[in-house]
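First the proteins, then the strands, lettered A, B, ... as listed; each starts at 1.
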There are 2 protein chains.
Amino acid sequence: MTEAPRRPGKPPRVRLVDVAREAGLSKTTVSAALNGTGRLSPAVREKAREAARRMGYRPNATARQLRAGRARLIGYVVGERAHAPWTFLESPYFAQLTGATAATALRRGYAVVLLPAGSLQQEWADLPLDAVVVADPVAGDRIVDDLLAAGIPVFSDRSVEGRAGAHWVDVDASAAIRGALDHLRQEGARRPAMVLPGSATGFHAGVLAAYRDWCAARALPERIAHTATPGNGPVIAAVERALTGCEKSGRPDALLVVAEASPPLVLEAARRNGYEVPRDLLLVCVSEDMTAEHTRPTTTTLSLRPQEVARVGTELLMAVLEEGRTETSGVWVPSRLDVRESSRRPRSG
Amino acid sequence: MTEAPRRPGKPPRVRLVDVAREAGLSKTTVSAALNGTGRLSPAVREKAREAARRMGYRPNATARQLRAGRARLIGYVVGERAHAPWTFLESPYFAQLTGATAATALRRGYAVVLLPAGSLQQEWADLPLDAVVVADPVAGDRIVDDLLAAGIPVFSDRSVEGRAGAHWVDVDASAAIRGALDHLRQEGARRPAMVLPGSATGFHAGVLAAYRDWCAARALPERIAHTATPGNGPVIAAVERALTGCEKSGRPDALLVVAEASPPLVLEAARRNGYEVPRDLLLVCVSEDMTAEHTRPTTTTLSLRPQEVARVGTELLMAVLEEGRTETSGVWVPSRLDVRESSRRPRSG
DNA sequence: TTGAAAGCGCTAACAG
DNA sequence: CTGTTAGCGCTTTCAA
């Protein structure tokens with residue numbers, strides 16, 4: 001027989017049956033009264049409610065979940081930064097993505113559980129997750145397959161396309177980068193350089209390909225500096241490399257920083273290396289960092305729209321969960337170029 | 001009779017009883033085999049495990065929780081920023097606090113659920129939370145009382161002290177501010193100004209009191225600029241007010257920015273107003289923003305140690321949960337002044 | 001060494 | 001209109 005696992009020191013919690021006994025009614029009646037279901041006389045309903053209130057009754061959420069067959073809980077894990085599993089929140093992109101995911105889910109009655117970046121399904125097998133959001137999986141990581149094998153619906157970026165149970169939302173990396181480069185060119189840039197993370201997400205692969213194609217189509221030289229790890233230090237170092245390295249192809253006259261860095265620091269690095277922005281160098285940062293609006297000059301950014309990605313994706317996931325669909329579905333979200341002073345060539349010279 | 005709430009299209013999940021039938025054993029035996037409990041013959045144990053593996057069995061976490069009497073889930077809600085319930089993640093302080101809370105909890109087998117800032121217990125009553133962490137409650141908000149009334153253990157800062165079931169961890173605002181001001185004075189500052197958020201957290205109240213006492217004790221003039229809302233714009237505006245306002249008491253020669261802002265932007269604002277840091281103005285920012293290490297000059301920061309606060313607090317909470325203690329317990333975490341170039345007076349003038 | 005049965009707290013089907 | 005009862009999937013006691 002099961003002994004109720006009573007915590008020492010805690011008063012045992014009030015259960016439905018306690019309320020029923022107190023009110024002189026049955027469990028069913030009280031349940032119906034509290035949930036607003038069934039057809040009960042107003043008097044009885046009020047009696048049940050009153051007793052529940054008086055006794056401080058709160059339904060046991062776990063029991064409800066068991067009955068309902070789902071927990072209304074979704075996991076959230078990021079693919080990148082497995083080496084430092086919690087730093088992702090310090091990136092404005094992921095902070096916004098995470099917040100908007102939680103907000104959207106909660107609005108639909110689902111709660112979001114934070115999972116460490118790069119962790120695997122079996123590390124949190126004890127959580128009753130209805131689905132998992134995998135933000136920016138890296139190429140070849142096991143997490144997505146792991147989840148699908150376990151029969152857990154997955155929501156992620158487009159790299160999961162085609163696997164049953166895997167749904168996606170993504171921004172079009174190629175279009176985004178082409179748009180930014182076209183803008184720079186229109187403002188007069190002829191030798192745009194790029195700073196790119198070394199990571200292996202689908203987005204970064206798309207960025208690299210788009211940049212190469214764009215340069216090739218215009219017979220322009222490529223100039224790429226890779227950053228080893230996330231963080232302002234490495235990115236600033238890469239910016240300096242991009243601005244100073246290899247003399248032969250000429251100094252770059254524009255810079256597209258795809259790695260996440262603080263815009264004011266990027267500007268400062270440019271200045272330090274003898275560039276006045278935007279006179280000598282047009283600058284665009286792929287960034288969600290709000291400081292971009294407050295620099296002098298203000299910094300042009302390419303936003304990957306994490307909030308829209310999260311909102312659209314989560315809505316789609318909810319729909320899939322409630323309808324029990326299983327075929328892959330996907331949605332594109334457009335990126336947005338916020339043109340500010342740093343990328344507008346001043347009139348004449 | 002209850003019809004199993006079957007999702008359309010989903011293959012029904014493998015249950016313990018299915019594995020038992022397949023293996024020709026009883027539920028009990030299979031359960032014991034998989035959990036490593038009981039005394040079973042190695043052969044039987046292996047047979048059960050093999051069947052489970054083959055059938056892709058995964059235990060139903062909700063059922064286990066119901067049995068266990070708890071969900072190993074803790075909620076995380078912040079008191080501030082109720083007007084924009086998800087922006088807290090974009091603050092480096094909360095990003096680190098949140099990440100470290102989740103990390104510590106998960107290490108002890110608890111998962112963290114993100115809740116919107118300023119929300120109330122009843123909005124997430126359906127979640128089986130074993131406890132809730134309330135980060136930086138604001139004076140007079142209902143959330144803590146709400147939770148305690150519902151019998152849910154609460155972990156928060158020291159402002160909850162004395163209420164049964166409420167445990168806390170905090171940094172000593174007075175000591176932190178005194179330390180920073182003493183440092184500035186030692187470097188030669190005589191007219192330190194301060195930028196402070198308008199918010200009503202216990203920490204900010206402590207900061208204000210400490211600053212006033214410190215100035216009074218030295219017969220120095222107070223100069224305080226308040227920021228209306230979080231965000232770089234308002235804080236930078238307050239910085240400019242602090243640096244330019246009221247001529248009578250003389251220009252400030254040091255600035256302590258308690259509101260969270262990007263250090264490079266604060267430096268830039270100082271420069272724009274004719275101050276060269278550190279020659280004309282010693283600068284200390286209360287900030288966890290890593291950009292402080294990369295500015296020129298590098299920026300002195302006062303760290304509130306969110307990661308340590310989270311770690312210590314969460315460990316304490318876990319201990320309380322497992323032991324069922326109910327008396328309030330509390331811990332202090334020391335703040336840390338990272339002295340960098342912006343607050344070191346250059347030799348002579 | 002193994003299995004039958006009780007029961008965690010709740011909701012829903014069905015009988016009264 | 002209300003109450004009795006089965007059962008969600010699991011673990012654990014107790015008997016065989």
Check whether any side-chain heavy atom of A/Leu34 sits under 4.5 Å from a side-chain heavy atom of A/Arg49, and report yes or no.
-> yes
If you check every side-chain atom of B/Ser26, which of D/dT11, D/dG9, C/dG3 has the closest atom?
-> C/dG3
Close side-chain approach of B/Val134 to B/Phe155, heavy-atom, < 4.5 Å = no
Would you mind checking if B/Arg54 and B/Glu50 are paired as a salt bridge, meaning a charged N to carboxylate O distance below 4.0 Å?
-> yes
Taking every heavy atom of B/Trp168 against every heavy atom of B/Asp157, the minimum-distance pair comes out as CB-O, 3.1 Å
For B/Arg64 and D/dG9, is the shortest distance between a side-chain N/O and OP1 or OP2 below 4.0 Å?
-> no
Checking all strands, does B/Arg39 fall into the base, sugar-phosphate, or nothing category for heavy-atom contacts under 4.0 angstrom?
-> base
Side-chain N,O (B/Arg67) to OP1/OP2 (C/dG7) below 4.0 Å = no
What's the shortest heavy-atom distance between B/Val132 and B/Leu129, and which atoms?
-> CG2-CD1, 3.8 Å
Given D/dA6, D/dT2, D/dG3, the nucleotide with the shortest approach to the side chain of A/Lys27 | D/dA6
Residues A/Asp145 and A/Arg142 bridged, charged N to O under 4.0 Å = no
Residues touching DNA chain D, which here means a heavy atom under 4.0 Å, drawn from residues 43-60 of chain B | B/Tyr57, B/Pro59, B/Asn60
Quickly work out the A/Leu16 CG to C/dT11 P distance and round it to whole Å.
-> 7 Å
With respect to the side chain of B/Leu40, which nucleotide from D/dT11, C/dG9, C/dT2 is positioned closest?
-> C/dT2
Minimum heavy-atom separation for B/Asn35 to B/Arg64, with atom names?
-> OD1-NH2, 3.1 Å
Over 60° means perpendicular and under 30° means parallel, so classify the ring planes of B/Phe88 and B/Tyr76, tilted if in between.
-> tilted
Residues from residues 28-37 of chain A lying under 4.0 Å of DNA chain D - heavy atoms | A/Thr28, A/Thr29
Starting from P on D/dG7, measure out to CG on B/Leu66 and report it in whole angstrom.
-> 17 Å
What are the two closest non-hydrogen atoms of B/Ser91 and B/Arg81, and how far apart are they?
-> CB-NH2, 3.7 Å
Go through the steps for B/Ile143 and B/Leu120 under the test side chain to side chain contact (heavy atoms under 4.5 Å, CB included), then give the verdict.
-> CA-CA 6 Å; B/Ile143 178 69; B/Leu120 289 174; 4.2 Å; yes
So, for A/Leu73 and A/Pro128, which heavy atoms are closest and what is the spacing to 0.1 Å?
-> CB-O, 3.8 Å
What does the inter-axis angle of the helix from C/dT1-D/dA16 to C/dG16-D/dC1 come out as, five pairs per end, nearest 10 degrees?
-> 50°
Could you give the CZ-to-P distance, from A/Arg21 to D/dT4, as a whole number of Å?
-> 13 Å
